[in-house]
Amino acid sequence: MGQEGEAITSSEGTQIQDSLYRDEEKMEESANVAYLLTLGILLGLALREFNKKTKFPYSPMVLACGLLIGLLQSTLGYLGESASILSHMHPHLIVYIFIPVLLFESAFNCDWYVFKYQMVNILLLAGPGVGWGAILLGIVFKLFLFYSNEDMNWYQAFTLGSVLSATDPVAVVALLKELGASAAFNHLIEGEALLNDGVAMVFFIFFNKLSKAAAGIGGGVTFGGVLLNFVRNSIVGPVLGVVVGFFGALWARRIVGDDVEVGWLTFIFTYLTFYWAEFCFFKTSGLLAVVSLGLFWSAFGKTKIRSESEHAVHTVWSFVQYFCDTTVFLLVGMIVGTEVIEERYIYTSDYFRMIVFYFFMIICRYLMVISFWPLLKKYGYPMSQPELIVFVYGGLRGALGLTLSLMVGCDEDLPPRFRHLAVFFTAGMAALTNLVNGTTCKALVNYLNMIENPVIKKKVYRRYLTDMIVDQEDTIKELEGDEHFAMADWNQVKSLIGSQQFLQEVVQLENEIKQIQGGNYSRISYDDTDTFGEVRYRVLRILKGLYYSQFEHGQCDEDSVRLLVESSDVALDHTGSILNIWEQLFQSFTSFSSIKYFFRAKEWTFLGGYAQQYITKHLGFVYDVTTTFISCANEVLTLQEHMPMNKSAVRLIMEEIRTEINKAELYLATLNDTFPEVIRAIQTKRASHTVLMHQRHHLEENQKNGLVDDKEFNLLKSNIDSRLVQLENHVFDWQIPTFHSFAMEFPVFAGVPKEELDTIIKSTYEKRYQFDEIIYEKGMTCQNIYIVSKGNVIDEVGSHQLKKGLGSLLSYSNLIGDGKCMTTAKAASETVLHSLNLNVLKSLMQKSEAFEQKIYVNSIEYLIKLYESQAGPLGQMEQKRLGTFLRQKAQFKKFDVHSNVEFMFGGYIIKGEIQSCIQDENEGVERYNDYCYVPPRDNDFNVTKALICLVFDDAIEMIKQDRLEQFNLENQEEIIDQRFSRIDVQQHYQQQEL
């Protein structure tokens with residue numbers, strides 16, 4: 001038997017290595033390499049903590065550590081040997097392993113709505129901008145740094161220019177977010193860096209091929225071949241990313257409750273996209289394909305991931321992004337450090353040229369941006385002069401540029417001198433831009449006053465701080481009375497929780513506000529722009545909170561709330577301008593004319609199903625966004641009187657909100673009128689989704705409260721999740737129902753016997769009205785009730801205008817009146833109505849108490865507007881909340897004369913009269929009659945005229961209190977300020993005693 005590791009001799013006499021043999025020394029080397037990488041991540045964590053404390057950019061610190069390891073590898077023993085092994089890693093491996101992950105993570109986490117609005121500018125800067133920048137940098141190398149053809153020819157200069165055009169402004173973007181720069185500007189920088197990585201590689205390959213062809217290496221280069229290659233790399237790659245993303249999103253939507261599968265799915269498709277693009281028959285740009293995949297998932301894939309899995313997926317990708325970013329900079333640093341040790345082709349003059357080139361590179365980037373300035377101002381969000389300077393200055397060089405330079409360095413078809421110059425200049429620019437630009441960008445931003453910090457934000461922040469300090473004091477006083485904290489050192493507690501620091505910050509803010517307002521802290525004038533800005537700021541923050549509340553209660557989906565919140569964020573950057581929220585939302589909708597093309601496509605054999613699915617999905621999204629915005633904006637209007645700010649300013653801003661609501665309602669009416677068959681399907685789907693989500697939230701609450709065992713919880717949750725998946729894939733019928741079937745499903749007719757319903761339907765007939773044509777006028781004899789089948793109607797109710805669309809009934813108030821129309825209605829577009837006989841419906845009200853109750857309850861919307869002075873707090877409620885309150889907290893009652901009735905929580909009299917059973921000495925007998933709100937009373941009332949009313953089971957104020965508490969609108973700010981001033985004085989005396 002041969003010894004271990006020995007070769008085996010075959011029958012032909014040749015030596016064959018044992019297939020199971022492994023070199024023990026290689027095994028130890030592999031372990032040392034893994035150990036070095038682990039230490040590198042540990043070092044990265046330490047540098048991360050250092051970054052938090054000093055704000056010194058993270059990436060250049062990691063790069064510098066890698067350089068030191070590479071330079072000192074001979075003194076580091078076995079770790080140095082491991083660094084030597086890693087430093088000879090082929091740079092293509094870095095591209096294949098790490099870069100796809102970094103690009104996908106950045107694209108996946110971008111805000112698609114802002115990115116889409118900035119798309120033209122991003123494409124300009126990252127497409128032709130990269131090519132133009134590469135040419136400018138090549139010119140600098142040849143004409144200003146005087147490199148001869150022996151150093152690099154023109155094509156090689158342009159190749160190196162392409163390498164240096166790839167930006168990686170991670171540190172700058174993080175800094176701008178920290179300082180509060182606008183989301184639009186951040187996305188312009190981040191989006192340009194995201195796309196120019198892939199485009200830089202396309203230009204790098206293009207110029208590199210030209211360089212080799214000029215040297216007689218490889219095949220010849222023709223114009224047709226160049227054009228074909230460019231199209232294949234710049235178009236086929238992104239298309240492949242979209243296709244793969246589409247199928248991946250479909251798969252992800254079918255995964256319920258499995259975070260692991262969703263996370264792995266995103267990883268697998270990232271690497272498969274890159275591999276298929278680079279190495280399969282596509283032979284295109286894998287980087288652009290991965291960027292396209294990430295952007296597709298940001299736009300459409302995120303909505304396919306269940307909300308409970310989305311957080312887990314983002315957490316995993318954040319972890320992987322940190323690992324890859326740290327490892328890439330560490331590896332590249334070690335490789336460059338090793339190259340410096342072995343360097344024989346870099347001369348002293350090159351170091352001086354590198355310093356000069358640093359300034360030329362910034363100038364060239366400025367010239368590149370200025371070249372496209374007219375177009376940049378025309379599209380997307382406008383860029384200010386300070387933002388232009390920061391955009392140019394913040395173009396840091398990073399991982400991809402270093403990796404591309406190493407690919408040049410290991411390409412033996414290129415001259416040695418040029419290969420080493422490429423690595424030298426790229427490493428130098430990465431170090432200089434990260435160490436100089438990255439660390440001084442904050443000072444530049446502050447010097448240019450790029451980020452507006454108006455007095456509004458200072459006031460709001462001061463308000464938050466004072467509220468928090470008062471809350472701290474309340475908590476301390478509560479704990480002081482607890483015997484379990486009797487021995488606590490409360491002075492030390494206040495020191496540990498930072499009370500004094502918060503107080504000092506409040507004083508500093510007050511001084512800054514006084515300085516801005518000319519020494520008068522409390523100055524508020526009607527013409528003060530900051531006052532209007534403060535109101536807009538508060539309103540937009542409230543809107544964001546309402547959007548999230550709608551989402552948490554299952555009233556809108558993830559994609560809709562993301563767009564709505566983003567629209568508020570964009571508006572928060574422009575609080576000095578009139579609110580224009582709807583315009584921001586509308587830009588994300590596909591035009592009606594485009595949707596009609598999809599309507600034609602749904603008849604096609606193969607694409608018809610996908611076209612119908614897209615129409616349903618997109619119009620569902622549009623409908624969801626529009627109705628959620630209208631609902632939340634209307635609720636903001638109900639909070640108007642509770643806003644503790646200048647009332648004149650509040651009224652003006654509320655008019656701006658009403659204007660935005662009118663725009664949204666007009667669009668919704670057009671949507672209903674143009675696509676009634678789709679809207680019916682959307683409303684059905686949305687109602688089903690809302691009920692299922694409500695069930696799910698209810699189930700989760702019961703589990704938290706211990707009311708459901710884990711076994712039953714998992715079983716019920718699985719059932720609900722399965723139904724959500726089925727709902728997502730359900731194909732709805734787009735047929736417009738007949739009036740008979742529609743009436744059968746109409747909520748007010750639910751429960752009506754079929755014979756009675758048939759009688760109603762037989763008495764109906766269709767009527768058509770042109771735009772602005774009167775349907776009925778107030779005071780005229782009422783003979784018919786109408787149901788809107790097509791178009792829109794404006795019902796003038798007192799000083800209010802109610803917009804009624806598809807499926808609305810006109811009007812409930814006419815059914816309870818004395819035979820006269822109580823309002824005026826006219827067509828807001830070409831309208832089709834179904835006319836129902838009034839007497840038939842009144843007869844049904846006498847026969848069916850349930851039907852009568854629905855008519856009376858639905859008429860409250862009209863009555864509180866017709867008799868506004870008698871509506872009490874009901875008149876201040878938003879329509880949706882009013883309907884919820886009346887359905888859940890009100891009982892429909894009828895009382896005969898001389899009966900006693902109790903209104904402990906209040907009520908509303910529709911018809912009849914009551915008087916108090918107890919006579920007040922000062923005010924006499926309390927009486928209430930038709931169309932009047934009854935406030936809560938402890939005493940009984942006597943019915944003096946046959947009574948039809950609603951009796952409330954809960955106080956009306958309770959339904960508004962949650963919103964007032966949620967947005968701190970309880971008019972307690974004056975109390976908080978008084979209490980804070982006492983706290984401030986106490987702290988001052990304590991400081992003097994100390």
Side-chain angles (χ1 to χ4, degrees), residues 32-73 75-76 79-80 82-83 86 94 98-99 101-102 105-106 108-109 168-181 186 189-190 193 311-337 394 396-399 402 427 430-446 451 468 492 495-502 504-505:
N32 289 337
V33 168
Y35 180 53
L36 177 62
L37 289 175
T38 304
L39 289 178
I41 298 299
L42 182 62
L43 175 64
L45 292 174
L47 294 176
R48 188 181 177 93
E49 287 298 316
F50 184 75
N51 165 260
K52 291 176 185 176
K53 291 185 170 77
T54 65
K55 303 302 179 184
F56 198 84
Y58 175 77
S59 299
M61 290 192 292
V62 178
L63 180 64
C65 289
L67 281 167
L68 283 175
I69 294 172
L71 291 169
L72 303 175
Q73 60 184 254
T75 64
L76 297 177
L79 288 179
S82 301
L86 287 172
I94 298 177
F98 299 109
I99 301 300
V101 171
L102 293 173
E105 189 274 339
S106 181
F108 180 61
N109 286 323
D168 185 17
V170 176
V172 172
V173 171
L175 171 68
L176 292 174
K177 288 180 180 178
E178 177 190 336
L179 293 176
N186 284 339
I189 295 181
E190 202 169 8
H311 177 71
V313 172
H314 281 290
T315 301
V316 171
W317 271 101
S318 298
F319 168 80
V320 173
Q321 183 270 340
Y322 170 73
F323 170 78
C324 291
D325 198 40
T326 302
T327 305
V328 166
F329 274 96
L330 198 65
L331 288 174
V332 170
M334 287 190 289
I335 294 171
V336 173
L396 311 186
R397 271 53 178 181
L402 288 166
L432 284 172
T433 55
N434 279 277
L435 291 171
V436 177
N437 300 40
T439 55
T440 58
C441 193
K442 181 176 182 179
L444 178 65
V445 170
N446 292 331
I451 300 172
M468 187 169 64
Q492 190 172 6
S495 174
L496 292 171
I497 65 176
S499 293
Q500 192 62 32
Q501 180 183 351
F502 289 139
Q504 291 172 355
E505 197 166 353

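Positions are given from 1, in the same order as the sequence printed here.
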> When rounded to the nearest 0.5 angstrom, what is the spacing between OG1 in Thr326 and CG in Leu42?
11.5 Å
> How long is the gap from CG on Leu63 to CG on Leu331, to the nearest 0.5 Å?
11.5 Å
> Can you see which heavy atom on Ala83 is nearest to which on Leu36, and at what distance?
N-CD2, 3.5 Å
> When rounded to the nearest 0.5 angstrom, what is the spacing between CD1 in Ile41 and CZ in Arg48?
11.0 Å
> Give me the atom names and distance for the closest heavy-atom approach of Asn434 to Arg397.
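Closest pair (atom of Asn434, atom of Arg397, distance): ND2-O, 2.8 Å.
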> Kindly say whether Ala46 contributes a backbone atom to a donor-acceptor pair with the side chain of Glu49 at under 3.5 angstrom?
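Side chain of Glu49 to backbone of Ala46, a donor-acceptor pair under 3.5 Å: no, none is there.
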> Using only atom types and a distance under 3.5 Å, with no angle test, would you say the side chain of Asn51 pairs donor to acceptor with the backbone of Leu47?
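No, Asn51 side chain to Leu47 backbone: no donor-acceptor pair under 3.5 Å.
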> After noting the C-alpha distance and the side-chain angles of Val101 and Trp317, does the key distance pass the side chain to side chain contact (heavy atoms under 4.5 Å, CB included) rule?
CA-CA 9 Å; Val101 171; Trp317 271 101; 3.6 Å; yes
> CG of Leu102 to CG of Asp325: how many Å apart, nearest 0.5 Å?
5.5 Å
> Using modelled atom types and a 3.5 Å cut-off, is there a donor and acceptor pairing between side-chain atoms of Asn109 and backbone atoms of Glu105?
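Checking the backbone N and O of Glu105 against the side chain of Asn109, a donor-acceptor pair under 3.5 Å is found.
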> Looking only at heavy atoms, which two atoms of Val62 and Leu330 are closest? And how far apart?
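Scanning both residues completely, I find the closest heavy atoms to be CG1-N, 3.8 Å.
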> Looking only at non-hydrogen atoms, find the nearest pair between Thr433 and Leu396 and report the distance.
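So the two residues come closest at O-CD2, 3.1 Å.
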> For Cys324 and Phe98, work out which heavy atoms get closest and say how close.
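So the two residues come closest at SG-CD2, 3.8 Å.
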> First locate atom SG of Cys65, then atom CG of Leu39, and finally report the distance between them rounded to the nearest 0.5 Å.
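Between atom SG of Cys65 and atom CG of Leu39 there are 12.0 Å.
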> Quick one, Leu45 with Tyr322, criterion side chain to side chain contact (heavy atoms under 4.5 Å, CB included). Give me CA distance, side-chain angles, the key distance, then yes/no.
CA-CA 10 Å; Leu45 292 174; Tyr322 170 73; 3.5 Å; yes
> If you compare all heavy atoms of Leu72 against all heavy atoms of Thr75, which two are closest, and at what distance to 0.1 Å?
O-OG1, 2.8 Å
